[in-house]
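Only this structure's heavy atoms are used, side chains among them; waters, hydrogens and symmetry mates stay out. Residue numbers run from 1 in the order of the sequence given.
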Amino acid sequence: MARLHVMELSHAQTVMDDLRDALERRLSVSSIVPCPVEFTAALVRLCATQSCGKCTPCRIGLSALSNLLDDVLENRATEYTLELIERTAKTAYLASDCAIGYEAGEMVLTALSGFRDDFEQHVKTHSCGYDVQGEVPCVRGCPAHVDIPAYISLVEEGRYTDAIKVIRKDNPLPLVCGLVCEHPCEMHCRRAMVDNPLNILALKRYAAEHMEETYTPECSPATGKKVAVIGGGPAGLSCAYYLATMGHSVKIFEARKHLGGMLRYGIPNYRLPRERLQSEIDWLLSAGIEVELEHPVLGEELQELRKIYDSVFVGIGAHTDKKLGLEGENLNGVESAVQLLRAVGDYDIPDLSGQEIVVIGGGNVAMDVARTSVRLGAKKVSIVYRRRIADMTAQDAEIAGAQAEGCEILELTSPLSIVSDGAGNVSGLLVQPQIIGAPKWGRPAPRASQEETRVVPCDKVFVAIGQDIEYQSFEAIGIPIQKNRIVTASDGSIEGFPGVFSGGDCKSGPSTVIKAIEAGKVAAANIDRSLGCDHKVTLNVELPSLKIKGLRQCGRCEMKERESSERVHDWNLVEIGLTEEEAHQEASRCLRCDHFGYGAFRGGRNHQW
């Protein structure tokens with residue numbers, strides 16, 4: 001008889017692995033759950049099935065928690081039940097032997113503190129009070145609430161102009177977003193339960209690049225109302241466009257030489273070609289929007305504009321750099337990432353030929369500066385980041401793109417000071433190796449390791465650790481500022497300044513393009529209301545009839561990239577769009593949640609806002 005055997009998976013174990021994969025896909029979709037209490041109960045039941053039974057707090061405690069949560073859901077609970085849930089969860093958290101028990105206890109404690117009012121509503125009224133709109137998952141996942149199933153169905157039909165019309169009802173920059181949006185909608189796509197989420201980003205880009213015909217914006221009759229928009233970034237452009245289509249007279253005041261904000265001055269040409277950006281801006285301006293370039297508006301002038309215009313929107317963005325606070329930061333050769341990208345945006349192209357570059361930071365801007373430096377002729381580019389690559393806030397595609405183009409990422413490396421060559425110029429960056437530790441502010445925090453410090457030689461240092469807004473002049477006239485941002489209500493209004501609205505990065509801090517577009521859209525709707533109007537932005541496109549298709553698994557079509565050895569020598573677009581065949585196949589994968597499931601109860605879509 002053999003002493004040992006090679007482990008082989010049984011049929012049952014193989015099936016179990018498949019079921020676990022299916023569960024992982026379902027959870028990864030992050031679809032909106034109907035009730036947070038029910039979701040908590042389901043998690044506890046799942047954890048209870050994992051218990052080995054060795055320790056009482058886990059074996060008995062999780063079963064008891066599951067029963068108590070069922071009491072809440074089945075209207076048998078009292079206020080004492082919630083107290084008992086908390087005590088039981090705390091016992092499981094503090095006394096369980098392993099993570100199966102104590103993590104389950106911690107989840108319940110988190111749920112109780114996070115939405116206790118929902119637990120209490122179940123107990124008091126025997127109903128769920130969770131405030132969630134019944135929207136299609138991908139639509140709810142999009143900050144601008146674009147009708148994604150509608151335009152995907154039009155792409156499948158080959159009606160690309162109509163698809164763009166659907167998008168522009170909620171997002172006036174479809175081509176821009178088809179190239180650079182972070183596509184949070186895909187995280188909610190229920191197709192991921194079957195195989196992979198739809199490539200919504202690529203389908204938007206395909207529609208924008210293959211319109212059968214152009215059209216001009218449709219505007220309501222003139223209202224005689226005048227609105228000033230301060231800042232020509234995505235928030236300002238969106239606000240100005242929707243107000244212009246509502247019939248208001250709109251003028252944009254832009255501080256720089258060109259419109260676009262961080263779309264032009266923060267995103268390089270190889271990701272968002274300037275001519276494409278400008279063509280989309282020109283289309284928006286054709287709605288009758290006036291523009292005054294190189295006209296920064298400060299606090300005192302804002303007060304004057306309030307006297308001339310019926311309403312003012314402040315969307316000045318976040319264009320100033322944050323400082324490191326390190327010794328040597330004032331040496332020649334230390335520049336902000338914003339400064340470099342701004343120069344490139346104005347076609348003032350610096351020459352970095354033969355230089356060694358260090359970029360400090362781990363966000364998209366850091367990746368953009370690193371990849372831009374490669375195209376400017378840098379001999380070597382090193383990205384210094386004090387956390388791990390996995391902790392970087394940059395998109396995975398941006399990180400992979402930087403590495404493919406030859407950028408070196410020095411993870412777990414914290415800058416200590418900038419080294420001088422003795423003549424006032426940068427010669428290197430003194431760094432301290434780090435070791436990852438316990439979480440802080442939601443991410444594992446690094447601390448200094450026992451390794452010795454070292455110097456990374458370089459000729460230039462670009463600092464990309466975040467941006468701030470120039471708020472001082474606005475604060476001086478009384479506009480409320482908190483954490484270096486304009487304090488703005490959810491409707492875009494500013495307390496104490498009737499008729500003045502704000503949105504975008506100056507309200508939220510540096511964020512995404514689609515969130516800035518949402519802010520502009522929200523402000524436009526509420527400015528229109530404040531002016532005594534009630535215009536509606538409507539959907540005037542006939543959508544294709546629903547096709548009943550048999551569900552079959554199908555892989556996701558991805559956009560390809562040009563060879564890194566070729567693309568580092570030019571500024572042309574890196575990503576290659578889908579082919580017609582790929583676009584139609586990808587669109588056909590849509591499960592049409594606007595017609596099936598929860599979306600059907602609400603008619604599937606909002607036809608106006």
Side-chain angles (χ1 to χ4, degrees), residues 176 179-180 231-234 236-237 254-278 281 291 293-296 316-324 329-361 363-384 394 398 401-402 405-407 418 424-426 429 458-470 505 510 513 567-574:
V176 166
L179 292 169
V180 300
L237 287 169
E254 168 56 45
R256 311 210 179 277
K257 297 178 182 178
H258 305 279
L259 292 175
M262 292 303 285
L263 297 176
R264 178 181 292 274
Y265 294 105
I267 302 178
N269 197 83
Y270 61 82
R271 289 180 60 205
L272 179 57
R274 295 289 173 266
E275 67 277 4
R276 298 197 188 188
L277 170 62
Q278 191 59 50
I281 291 173
V291 177
L293 299 173
E294 298 186 83
H295 185 155
I316 58 175
H319 292 272
T320 62
D321 57 299
K322 288 186 176 179
K323 302 296 183 183
L324 290 166
E329 193 166 7
N330 295 322
L331 291 171
N332 294 326
V334 181
E335 299 179 17
S336 73
V338 173
Q339 185 178 344
L340 174 66
L341 295 175
R342 186 180 301 156
V344 174
D346 278 333
Y347 304 105
D348 183 13
I349 311 296
D351 184 9
L352 302 182
S353 297
Q355 298 186 37
E356 295 186 357
I357 306 298
V358 164
V359 179
I360 301 174
N364 283 331
V365 173
M367 301 303 130
D368 287 339
V369 168
R371 299 174 72 180
T372 294
S373 298
V374 171
R375 287 162 174 77
L376 294 174
K379 180 173 69 174
K380 181 180 180 181
V381 178
S382 302
I383 302 169
V384 172
E398 288 300 299
E405 292 171 9
C407 299
I418 300 170
N425 302 309
V426 172
L429 180 69
C458 62
D459 302 295
K460 274 189 182 295
V461 174
F462 290 111
V463 181
I465 59 170
Q467 295 92 249
D468 272 328
I469 74 166
E470 296 178 278
D505 288 357
V513 175
R567 69 194 193 213
V568 295
H569 299 296
D570 60 47
W571 296 90
N572 297 332
L573 196 57
V574 167

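The CG atom of Leu263 sits 11.5 Å away from atom CD of Gln278, with the distance rounded to the nearest 0.5 Å. Rounded to the nearest 0.5 Å, atoms CD1 (Ile281) and CG (Leu237) are 5.5 Å apart. Put simply, CG on Leu429 and NZ on Lys460 are 15.0 Å apart, with the number rounded to the nearest 0.5 Å.
Residues Gly266 and Leu341 approach most closely at O-CD1, 3.4 Å, considering heavy atoms. Considering all non-hydrogen atoms of both residues, Gly333 and Val426 come closest at C-CG2, 3.9 Å. A pairwise comparison of heavy atoms in Lys322 and Val463 identifies O-CG1, 3.9 Å as the closest pair. Residue Ile465 comes nearest to Leu324 through the heavy atom pair CD1-CD2, 3.8 Å, listed as atom of the first residue, atom of the second, then distance. Nearest approach of Cys407 to Ile383, heavy atoms of both residues: CB-CD1, 4.2 Å. Considering all non-hydrogen atoms of both residues, Ala337 and Ala464 come closest at CB-CB, 3.6 Å.
With Thr320 contributing its side chain and Asp468 its backbone, the two residues share a donor-acceptor pair below 3.5 Å. The backbone N or O of Arg264 sits less than 3.5 Å from a side-chain atom of Arg274, completing a donor-acceptor pair.
Within a 6.0 Å radius of CD in Gln355, other residues, nucleotides and ligands contribute more than 12 heavy atoms.
Side-chain contact between Ile267 and Leu179: absent, with no pair of heavy atoms (C-beta onward) separated by less than 4.5 Å. In this structure, Leu272 and Val176 have side chains that are in contact, with non-hydrogen atoms separated by less than 4.5 Å. Annotation: side chain of Gln467 is not in contact with side chain of His319 (no heavy-atom distance under 4.5 Å). Side-chain contact between Gln339 and Asp321 is absent, with no heavy-atom pair separated by less than 4.5 Å.
Using bins of under 30°, 30° to 60° and over 60° for the plane-to-plane angle, the ring pair Tyr347/His258 lands in the perpendicular bin.
In terms of the salt bridge (charged side-chain N to carboxylate O under 4.0 Å, His left out) criterion, Asp459 has no residue partners (sequence neighbours excluded).
Judged as a salt bridge (Lys or Arg N to Asp or Glu O under 4.0 Å), the pairs with a partner in residues 342-356 (not counting sequence neighbours) are, in order, Glu356-Lys379.
Judged by a 6.0 Å distance limit and a 45° cone about the ring axis, Arg375 is positioned over the six-membered ring of Tyr270.
Of the residues Val381, Ile357, Ile349, the one that meets the side chain to side chain contact (heavy atoms under 4.5 Å, CB included) test with Leu376 is Ile349.
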May I have the list of side-chain donor-acceptor pairs in residues 364-374 shorter than 3.5 Å, sequence neighbours left out?
| residue | atom | partner | partner atom | Å |
| --- | --- | --- | --- | --- |
| Asn364 | OD1 | Gln395 | N | 2.9 |
| Asn364 | ND2 | Glu182 | OE2 | 3.0 |
| Asp368 | OD1 | Arg271 | NH1 | 3.1 |
| Asp368 | OD2 | Arg271 | NH1 | 2.9 |
| Arg371 | NE | Glu405 | OE1 | 3.1 |
| Arg371 | NE | Glu405 | OE2 | 3.3 |
| Arg371 | NH1 | Glu398 | OE1 | 3.3 |
| Arg371 | NH2 | Glu405 | OE2 | 2.8 |
| Thr372 | OG1 | Asp368 | O | 2.7 |
| Ser373 | OG | Val369 | O | 2.8 |

